[in-house]
Protein chains: 2
Amino acid sequence: MSNLPSSHELDLTSDEIPDIVIGRLPIYLRALNQMASMGREVTSSRELGEYLGMSSAQIRKDLSHFGGFLSGKQGTGYHVETLRNRLQQVLHVDREWPVAIVGAGYLGHALAHYRGFIPRGFRVVAVFDVDADKIGQKIDGMNVMSVDRIAVEIPTQGIQIAMLAVPVEVAQSVANDLIKAGVRAILNYAPINLAVPEGVHVQYIDPVVELQHMTFYLGA
Amino acid sequence: MSNLPSSHELDLTSDEIPDIVIGRLPIYLRALNQMASMGREVTSSRELGEYLGMSSAQIRKDLSHFGGFLSGKQGTGYHVETLRNRLQQVLHVDREWPVAIVGAGYLGHALAHYRGFIPRGFRVVAVFDVDADKIGQKIDGMNVMSVDRIAVEIPTQGIQIAMLAVPVEVAQSVANDLIKAGVRAILNYAPINLAVPEGVHVQYIDPVVELQHMTFYLGA
DNA sequence: CCTTGTGAACTGATTCACAGCT
DNA sequence: AGCTGTGAATCAGTTCACAAGG
């Protein structure tokens, strides 16, 4: 959950587009991927809205922030492939970002083996751990490296994005090391809020937060 | 990301509390856990707000929805343990919810071994998979069962919550089976929007969505 | 008929600012 | 002094509704 107002970079097209809108674009993109894989060539804000459980007006309004470039045709709708490409450009996933994983426990392994990163713009290129037993071990073709090598590997490989899969006790300190080495975006799986300097982006994944959100509604 | 307006159950205390507020309560609870583990006995909306990167007014306003019962003392702040207990009651995690995992791949293993569920209100009690090779295998002391047994195990064990860690192709069909068996809340790790009947809650965890949210700001 | 894109209206969320209590 | 809890004000997000195009 991003509560902190994500610090907006100076991207020409970007500034003044609400963060909440940005947060929905990957969802639209995922839905378009799904439609493309089902052979659908065109769709509409109404169809997309029904599929995602939101209003068609919201989808049109969100997309209108990138005006002109969009492929909406009145009476017809959107060409799936064209809109998909456009959203990939907007989100800067019309390329492949190298990412690092820190923590080679069960979660680190799961992330390293996940086949869903490549087709959506990301490639795991490095795995780090503190544990001497794990260092040197091979995961999905990569050698697990000591966290000591963060300072050299991150800049060398031009890594700007890291996934934190370490125990909560060391999360902040590892995050500090990553940032010092040049990482600008962290996906944090540890159940703790990270303090990071201006310009560094953090997103949180904490299954318990999501479960507790639902148990509220499950009732007494 | 929950775009669908989570259907609000009829819980006496609950209705008319905005879902966005509910979504922040687990974050507050997590911060209080952190403070408790650091030995802090009292805190304030200001301190909590600084820690979480949000305004103190928002925290007070959020907590005010559960008025009267709260432990805020003017001039002093909140007693950490008391507020923690109160939030656990509100979120219904002042008990232990049995949860099922479907999918015994790398992710299923990571979830099954995760030690962070128990102290926060959840216990994994069943793991299912389709793969004949995996069925019968032991994960963290539990036997992996065939998905065919969902229909019997879910009601028998009184499981209302499931975590979906299956390939995207089968996610919807497995979700249908779970719901038919009595599951009312699904934490979906598959990158697809699930269609579920009224009254069933879904939360999504998709790391790529979070990464793409950040790459927007990382720029061209 | 069906669509998109968009200003205007509305709804909802956040912040302000202060009374009241410790 | 420092704090909470809350109405009032402000700000932000969503929906409405329609002009214009297919």
Side-chain angles (χ1 to χ4, degrees), chain A residues 1-6 8 15-25 27-28 32 35 40-80 82-84 86-87 90, chain B residues 1-6 8 14-25 27-28 32 35 40-80 82-84 86-87 90 213:
Chain A
M1 186 154 317
S2 53
N3 278 313
L4 354 178
S6 299
H8 5 260
D15 221 22
E16 82 221 18
I17 297 173
D19 183 67
I20 196 168
V21 173
I22 303 305
R24 280 192 293 261
L25 300 184
I27 311 279
Y28 299 158
L32 290 166
M35 286 179 171
R40 304 282 280 96
E41 295 203 344
V42 289
T43 187
S44 64
S45 59
R46 186 193 43 73
E47 183 177 59
L48 228 24
E50 270 166 30
Y51 179 66
L52 295 173
M54 58 204 302
S55 80
S56 64
Q58 175 153 84
I59 289 170
R60 291 198 305 279
K61 183 68 100 184
D62 283 354
L63 296 179
S64 77
H65 286 100
F66 311 95
F69 304 88
L70 294 172
S71 49
K73 294 272 183 277
Q74 285 151 326
T76 310
Y78 301 95
H79 183 58
V80 171
T82 309
L83 183 55
R84 202 165 80 98
R86 181 63 189 132
L87 284 178
V90 168
Chain B
M1 189 154 315
S2 52
N3 277 311
L4 353 178
S6 301
H8 4 259
S14 87
D15 222 24
E16 81 223 18
I17 297 173
D19 182 66
I20 195 166
V21 172
I22 303 305
R24 281 192 293 260
L25 300 184
I27 310 280
Y28 299 157
L32 290 166
M35 285 179 171
R40 303 282 281 98
E41 296 203 343
V42 288
T43 188
S44 64
S45 58
R46 187 192 44 72
E47 183 177 60
L48 226 27
E50 270 166 30
Y51 179 67
L52 295 174
M54 59 205 300
S55 80
S56 63
Q58 175 154 84
I59 290 170
R60 291 198 304 279
K61 182 67 97 186
D62 283 354
L63 296 179
S64 78
H65 286 100
F66 312 95
F69 303 89
L70 294 171
S71 48
K73 292 274 182 277
Q74 287 149 326
T76 309
Y78 302 94
H79 184 58
V80 172
T82 309
L83 183 54
R84 204 166 78 97
R86 181 65 187 131
L87 284 178
V90 168
H213 188 151

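So you know, we letter chains A, B, ... as the sequences are listed, proteins then strands, and number each from 1. Side chains are part of it too, since the values below use all heavy atoms of this structure and drop only hydrogens, waters and symmetry mates.
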Enquirer: For a 4.5 angstrom cut-off between non-hydrogen side-chain atoms, does A:Thr43 reach A:Leu83?
Expert: no
Enquirer: Side chain of B:Pro18: nearest nucleotide among C:dA13, D:dG5, D:dA17?
Expert: C:dA13
Enquirer: Can you tell me if B:Tyr78 touches the phosphate of D:dG5, counting only side-chain N or O atoms and a distance under 4.0 Å to OP1 or OP2?
Expert: yes
Enquirer: A:Lys61 side chain: which of C:dT4, C:dA8, C:dT15 is closest?
Expert: C:dA8
Enquirer: By the 4.0 Å heavy-atom rule, please label B:Ser56 as base, sugar-phosphate, or nothing.
Expert: nothing
Enquirer: Identify which nucleotide among C:dG7, C:dG5, C:dT15 has an atom closest to any side-chain atom of A:Ser64, counting heavy atoms from C-beta outward.
Expert: C:dG5
Enquirer: For B:Ile17 and C:dT14, give me the distance from atom CD1 to atom C1', rounded to whole Å.
Expert: 17 Å
Enquirer: OP1 or OP2 of D:dC3 less than 4.0 angstrom from a side-chain nitrogen or oxygen of B:Arg46, does that happen here?
Expert: yes
Enquirer: Is there a side-chain polar atom (N or O) of A:Thr76 under 4.0 Å from OP1 or OP2 of C:dT3?
Expert: no
Enquirer: If you assign B:Ser44 and A:Ile20 each to the DNA chain D nucleotide with the nearest heavy atom, which residue ends up on the more 5' nucleotide?
Expert: B:Ser44
Enquirer: Quick one: is C:dT14 close enough that its OP1 or OP2 comes under 4.0 Å of any side-chain N or O from B:Arg24?
Expert: yes
Enquirer: Any side-chain N or O of A:Ser55 under 4.0 Å from OP1/OP2 of D:dT14?
Expert: no
